[in-house]
Amino acid sequence: MIEKTYSLLLKRYGGQGWWPLSKDGLKSKHHNGNPKNDKDRFEIVVGAILTQNTSWNNVEKALFNLNKEDLIDVKKMAAAKESRIAELIKPSGYYNQKAKRLKTIAMHLLRRPSLPEERKELLKVNGIGQETADSIILYAAEKPSFVVDAYTKRIFSRLGLVDENEKYEKVKELFEGKLKKDVETFKEYHALIVEHAKKHCNKKPKCDKCILAKKCRYHTLNTSRTSASSILK
DNA sequence: AACCAGGACGTGA
DNA sequence: TCACGTCATGGT
């Protein structure tokens with residue numbers, strides 16, 4: 001089912017080409033998000049932190065401001081004052097803690113030859129939790145580590161494939177167990193999940209024209225309610 | 001005009 | 001371990 005859902009989403013939305021990088025135009029529908037240099041990789045790290053519980057649209061504004069001042073750079077970010085970073089990233093919300101987190105990770109990266117590929121190492125850094133760590137490993141370091149987010153749990157719990165409040169680790173293991181351990185597949189699947197959640201599987205779902213509706217509990221629940229209430233009218 | 005958005009952390013049970 | 005409060009802007 002996990003694999004089947006992947007091919008359905010891929011057929012419906014096409015390849016997403018994540019991670020969205022500003023050099024490609026953040027808003028373009030089809031990205032070519034493979035990082036080519038350290039700046040690209042660091043921009044992914046920055047974006048991953050900025051998008052914590054925040055819409056990507058707001059993150060873009062913050063990234064634009066940082067780019068303007070050439071702060072998407074490990075050394076410059078590490079040297080910048082927290083208050084300055086905070087001012088620039090204001091549109092992405094939680095700007096005080098995110099400014100601190102950005103500076104912290106920048107300073108951590110500064111004393112490393114390359115991006116950490118170890119989950120455990122990233123998780124020790126304050127401000128980097130499981131999802132952010134996996135995003136960095138998968139999209140910046142390009143090592144296979146499946147990213148789980150609120151969308152993943154929402155979509156697949158509605159499909160009846162995972163428990164709504166299953167633990168992060170468990171969901172991650174489920175996906176990694178069902179898929180071949182392939183960076184491109186992991187990248188694409190997560191991106192497709194986000195796309196599908198934005199288009200259809202919102203908190204208040206738009207089941208109309210959703211390609212997964214037939215298999216979805218939420219949808220069947222909804223239609224039975226609708227038909228029941230329409231009978232009452 | 002509430003509600004939601006690609007979470008993480010600190011705290012007290 | 002777990003539930004809960006906190007952090008904050010911008011779009012719908």
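Below, chains carry the letters A, B, ... as their sequence lines are ordered, and counting in each starts from 1. Just so you know, these numbers come straight off a predicted model, no measurement behind them.
Within the structure, every side-chain polar atom (N or O) of A:Arg154 is placed at least 4.0 Å from both OP1 and OP2 of B:dC4.
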Which donor-acceptor pairs under 3.5 Å do side chains of residues 83-95 of chain A form with protein atoms, sequence neighbours excluded?
from: A:Arg84; atom 1: NH2; to: A:Glu69; atom 2: OE1; distance (Å): 2.7
from: A:Ser92; atom 1: OG; to: A:Ile89; atom 2: O; distance (Å): 2.9
from: A:Tyr94; atom 1: OH; to: A:Asn53; atom 2: ND2; distance (Å): 2.9

Which atom pairs, donor and acceptor, lie under 3.5 Å between side-chain atoms of residues 205-212 of chain A and protein residues at least two apart or in another chain?
none

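Formation of a donor-acceptor pair under 3.5 Å by the A:Asp40 side chain with backbone atoms of A:Lys36 is found in this model. Counting only distance, with no hydrogens or angles, the side chain of A:Glu188 and the backbone of A:Gly17 share a donor-acceptor pair below 3.5 Å.
Two residues, A:Thr132 and A:Lys204, neighbour DNA chain B, and the one matched to the more 5' nucleotide by heavy-atom proximity is A:Lys204.
Looking at A:Ile155 and A:Thr5, their side chains never come closer than 4.5 Å, going by heavy atoms from C-beta outward. Side-chain contact between A:Leu21 and A:Glu43 is present, with heavy atoms from C-beta onward closer than 4.5 Å. Side-chain atoms of A:Leu66 and A:Leu50, non-hydrogen and from C-beta on, do get closer than 4.5 Å to each other.
For residues 166-195 of chain A, every residue pair satisfying the ring-ring contact (aromatic ring centres under 6.0 Å, His included) rule, not counting sequence neighbours, is listed here: A:Tyr6-A:Tyr189, A:Trp18-A:His190, A:Phe146-A:Phe175, A:Phe146-A:Phe186, A:Phe146-A:Tyr189, A:Phe156-A:Phe175, A:Phe175-A:Tyr189. Applying the salt bridge (charged side-chain N to carboxylate O under 4.0 Å, His left out) test to every pair with at least one member in residues 101-123 of chain A, sequence neighbours left out, gives these pairs: A:Arg112-A:Glu121, A:Arg119-A:Asp134, A:Arg119-A:Glu169. The ring-ring contact (aromatic ring centres under 6.0 Å, His included) analysis of residues 191-214 of chain A, with sequence neighbours excluded, yields the pairs A:Tyr13-A:His196, A:His196-A:His200.
The separation between A:Leu102 atom CG and B:dG7 atom C1' is 14 Å, rounded to whole Å. Atom CD of A:Glu60 and atom C1' of B:dA5 are 13 Å apart (whole Å). The CD atom of A:Gln130 sits 13 Å away from the C1' atom of B:dC9 (whole-angstrom rounding). Protein atom NZ of A:Lys124 is 18 Å distant from nucleotide atom C1' of B:dA8, rounded to whole Å. Spacing between atom CG of A:Asp134 and atom P of B:dG7 amounts to 13 Å, rounded to whole angstrom units. If you take CZ of A:Arg101 and C1' of B:dG7, they are 7 Å apart, rounded to a whole angstrom. Nucleotide B:dA8 holds its C1' atom 13 Å from the CD1 atom of A:Ile136, rounded to whole Å. Rounded to whole Å, atom C1' of B:dG7 lies 5 Å from atom CG of A:Asn53.
Checked against salt bridge (charged side-chain N to carboxylate O under 4.0 Å, His left out), A:Lys198 has no partners two or more places apart in sequence or in another chain. Checked against side-chain hydrogen bond (donor to acceptor under 3.5 Å, both in side chains), A:Asp38 has the following partners two or more places apart in sequence or in another chain: A:Arg41. Under the side-chain hydrogen bond (donor to acceptor under 3.5 Å, both in side chains) criterion, A:Thr152 pairs with A:Asp149, sequence neighbours left out.
Inspection of the A:Asn126 and A:Thr104 side chains reveals no N or O donor paired with an N or O acceptor under 3.5 Å. Using a 3.5 Å distance cut-off with no hydrogens or angles, the side chains of A:Lys153 and A:Asn165 do not pair a donor with an acceptor.
A:Ile193 comes within 4.0 angstrom of nothing in the nucleic acid, heavy atoms only. Across all strands, A:Val125 comes closer than 4.0 Å only to sugar-phosphate atoms, never to a base (heavy-atom distances). A:Ala48 comes within 4.0 angstrom of no nucleic acid atom, judged by non-hydrogen atoms across all strands. Nucleic acid contact class of A:Glu131 (heavy atoms, under 4.0 Å, all strands): sugar-phosphate only.
B:dG10 and C:dA8 have their P atoms separated by 15 Å, with the value rounded to a whole Å. C:dC7 sits 24 Å from B:dA1 when the P atoms are compared, rounded to a whole Å.
Of the residues in residues 80-95 of chain A, those lying under 4.0 Å from DNA chain C by heavy-atom distance are A:Lys90, A:Pro91, A:Gly93, A:Tyr94, A:Tyr95. Heavy-atom distances under 4.0 Å link DNA chain B to no residue of residues 167-188 of chain A.
Read 5' to 3', the first and last nucleotides of DNA chain C with an atom closer than 4.0 Å to a heavy atom of chain A are C:dC2 to C:dG11.
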For nucleotides 10-13 of chain B, tabulate all protein N/O to nucleotide N/O atom pairs closer than 3.5 Å, reporting atom names and distance.
from: B:dG10; atom 1: OP1; to: A:Asn126; atom 2: ND2; distance (Å): 3.4

